[in-house]
2 protein chains.
Amino acid sequence: MDRSRRSRPPATLASLAAELGVSRTTVSNAYNRPDQLSPQLRSRVMEAARRLGYPGPDPVARSLRTRKAGAIGLLLGEHVSYAFRDPAAVAFLEGLTLECDQAKVGLLLVPADTDSDDATSVAAAAVDGFVAYSMSDDDPYLATALARPVPAVVCDQPFTAGVDVVGVDDHAAAREVADHLTGLSHRRIGVVCMRLGRDRNDGPADLTRQEAARHHVQRHRLAGIREGFVAAGVSWDRVPVVERFDHTMEAGASAAAEVLAADPGVTAVVATSDVLALGVIAELTRRRQRVPEDVSVTGFDGIRAAVDAGVTTVVQPFLDKGRHAGKLLLDPARRSQGRRMVLPTTFLPGPTTAPPRY
Amino acid sequence: MDRSRRSRPPATLASLAAELGVSRTTVSNAYNRPDQLSPQLRSRVMEAARRLGYPGPDPVARSLRTRKAGAIGLLLGEHVSYAFRDPAAVAFLEGLTLECDQAKVGLLLVPADTDSDDATSVAAAAVDGFVAYSMSDDDPYLATALARPVPAVVCDQPFTAGVDVVGVDDHAAAREVADHLTGLSHRRIGVVCMRLGRDRNDGPADLTRQEAARHHVQRHRLAGIREGFVAAGVSWDRVPVVERFDHTMEAGASAAAEVLAADPGVTAVVATSDVLALGVIAELTRRRQRVPEDVSVTGFDGIRAAVDAGVTTVVQPFLDKGRHAGKLLLDPARRSQGRRMVLPTTFLPGPTTAPPRY
DNA sequence: TTGTAGGCGTTATCAG
DNA sequence: CTGATAACGCCTACAA
């Protein structure tokens, strides 16, 4: 059985109809409305289809006609492959695909290029809607998606008119982390955070940059942390805040080194994600600094590896985020766009935090 | 900025052209071949587009015309969400998307339903090719995909004419595991395997079923294990082989219980996957049986959790599988279909295997 | 139960 | 540099 690479032009609905001496409607019905024609005629059609190697109605042409793609698109502020390296994204995807499966809708992972603003892949995506996951406010891919005449729901993003939003209260959750630390009497800390904008800035982030961060989530987490420490009398401009573009343990480790260089006397390092926190701990361990005896460390997200490692963190319901995003987008009664859904988080203290030594 | 929900029919290339008093070609060129028209005319077009809320060329219509979808489809023999629960699949996906990103091609996760043969979602997928990952030989989704006039590459699947294949030598690798165990003097064993067909059969799998397994990978692993033990003089029909439809640790645990019930004297349990092996170990531990002192356990795949737990296993290059699948499918010079690519595996002995006690 | 015919929105081709 | 024309393959009132 060779993949019917005949020289003859590929069969179409029309050619099949011609061959059989029936109308296109009949052939179309044979596929889409089997009950609209006699079983015998139908099987004659199907038989001829097999004989001519007609693979059934062209999905694209059908899509053009019906105005439905049968798929939704997912936008990540990153290369798609990154999503499979990040436990949080994987959990989100699981939740989202749970809904897609149920609705029998495909999920298109839209290719992206971190250092290009060419969003043609978004404009070219044949989808009935978009889910944007954790993107920068000013991401051109996001803008392109929102400009398309299809519904969208964004996660971990600020409110945008006419778009559904799902997220958590990052500010409040981060504040809890800060309060936990100040309650433990920490007053001299360092912060390690994820990228604050689309530009690569591996190094210190001053207050201006912190507040102008285009990454909604990071901005709020930083604000929550600051609020907590300032409330405890800490002067924020003496707190080293180190930013990393890549979200990896290695990045967390090198950022920790940078924090320590800026202030060797910190008693705690606050990381705005678990992955970074794990890197911080690795670096501390490498330097023979004990956690939490010498330095306390906190994370954020509640990914499996961090929880297993006992990191003090904030647990986020990633899977539910995905599910809700899917539900909102796939909801057949899609009126009332602009819905806002804030999911609960859980502060989870662990053995990586303790009172400072002195 | 409300999402331009004007009552007026949505703008199209044609309406825009009419509005401007130019031809459709010109508008089309403004988007696709900016160099083909004067900068001023182009900006006039773009300005009018913005004014009328024209979102740019419709991707579906463009696709119909150009005969390119800009995406490839991924078929899993499972609900899509399952892929995000299985570390092996996640790694495969990372590899595949690495290639997709590079080629700027989207990846469509085609929805599937384990207990329905309705493959319309495959027929309806607007893609330029398919990757089938670890499916049953007789999966209707696979058949439907292969019937479509687009290239395909299958992973962990037997040869099919005209289709590229990437996989590993499951038989040889499994034989290595068996030889390791027989070398340790194990002669009384039990086997826990994944689903052998699309029908749910949670229970013993006799030789007929083992050999008729429609899941290529499982069939070969079982054959390799059998070959090794038979070569050591073990009579295979006395070896309990327990099958599980779900691929979870819980399934592995319950299968272990079933193996133990069938033959309480086994000195080793061979699992055809790490996930199952981890479940086996959990069950053994629950029963206060020590691994490997009382019972040895082996897995297959080399997923992170198993390697960390010291499971004796076979490490497969999942990420590379994905990459190669992507490369083969996306290869611009797509001649010579029917390529076969066998990736290397590494046998990794760990502390879950030791000689039997007596 | 079957057929007719218009149009979905775009791009390739070729002429001016 | 711009425009007219002809598909691309299909769906779906509507008519018979």
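Note on naming: letters A, B, ... go to the chains in the order of the sequence lines (proteins, then strands), and numbering restarts at 1 for each one. No experiment lies behind these values; they were computed from the predicted model shown.
Residue contacts shown for A/L37 are limited to sugar-phosphate atoms, with no base heavy atom under 4.0 Å away. Note on B/Y54: only backbone sugar-phosphate atoms sit closer than 4.0 angstrom, heavy atoms only; bases stay farther off. Looking at heavy-atom distances under 4.0 Å, B/V60 makes no contact with the nucleic acid at all. Within the 4.0 angstrom heavy-atom criterion, only backbone atoms of the sugar-phosphate kind lie near A/L13; the bases stay farther away.
Nucleotide D/dC11 holds its P atom 14 Å from the CD atom of A/Q36, rounded to whole Å. As rounded to whole Å, 15 Å separates atom P of D/dG9 from atom OH of A/Y31. Note: CD (B/Q40) to P (D/dC1) measures 10 Å, nearest angstrom. In this entry the distance linking CZ of A/R67 with C1' of D/dC10 reads 13 Å, nearest Å.
Residues that satisfy the side chain to side chain donor-acceptor pair (under 3.5 Å) test with B/S136, not counting sequence neighbours, are B/D138. Contacts of A/S116 classified as side chain to side chain donor-acceptor pair (under 3.5 Å), with partners at least two apart in sequence or in another chain: none. Not counting sequence neighbours, the partners of B/A123 by the side chain to side chain contact (heavy atoms under 4.5 Å, CB included) test are B/T144. In this structure, the side chain to side chain contact (heavy atoms under 4.5 Å, CB included) partners of A/R62, at least two apart in sequence or on a different chain, are A/N32, A/P57, A/T66. Not a single side chain to side chain donor-acceptor pair (under 3.5 Å) links A/N29 to another residue, sequence neighbours left out.
Side chain of A/R148 to main chain of A/A125: a donor-acceptor pair is present (N/O by atom type, distance under 3.5 Å, no hydrogens or angles).
One end of the helix from C/dT1-D/dA16 to C/dG16-D/dC1 points its axis 20° away from the other end's axis, with each axis taken from 5 pairs and the angle rounded to 10°.
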Listed pairs under 3.5 Å, donor-acceptor, residues 150-159 of chain B side chains, sequence neighbours left out:
unit_1 : atom_1 : unit_2 : atom_2 : d
B/D156 : OD1    : B/K321 : NZ     : 2.8
B/D156 : OD2    : B/K321 : NZ     : 2.9
B/Q157 : OE1    : B/M135 : N      : 3.3
B/Q157 : NE2    : B/M135 : O      : 2.4

Would you mind writing out the side-chain donor-acceptor pairs for residues 106-113 of chain A within the sub-3.5 Å range, not counting sequence neighbours?
unit_1 : atom_1 : unit_2 : atom_2 : d
A/D113 : OD1    : A/D115 : N      : 3.4

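Of the residues near DNA chain D, B/D35 and A/D58, the one whose nearest nucleotide (by heavy atom distance) lies more toward the 5' end is B/D35.
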Taking N or O atoms only and anything under 3.5 Å, show me the protein contacts with nucleotides 12-16 of chain D, one pair per line.
unit_1 : atom_1 : unit_2 : atom_2 : d
D/dT12 : O4     : A/T25  : OG1    : 3.2

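Between A/K327 and A/D320 there is no salt bridge, since no side-chain N of the basic residue sits under 4.0 Å from a carboxylate O of the acidic one.
Applying the ring pair (Phe, Tyr, Trp, His ring centres under 6.0 Å) test to every pair with at least one member in residues 91-137 of chain B, sequence neighbours left out, gives these pairs: B/F92-B/Y133. Applying the side chain to side chain donor-acceptor pair (under 3.5 Å) test to every pair with at least one member in residues 36-46 of chain A, sequence neighbours left out, gives no pairs at all.
On the nucleic acid side, DNA chain C has its first and last nucleotide under 4.0 Å of a heavy atom of chain B at C/dG9 to C/dA12, going 5' to 3'.
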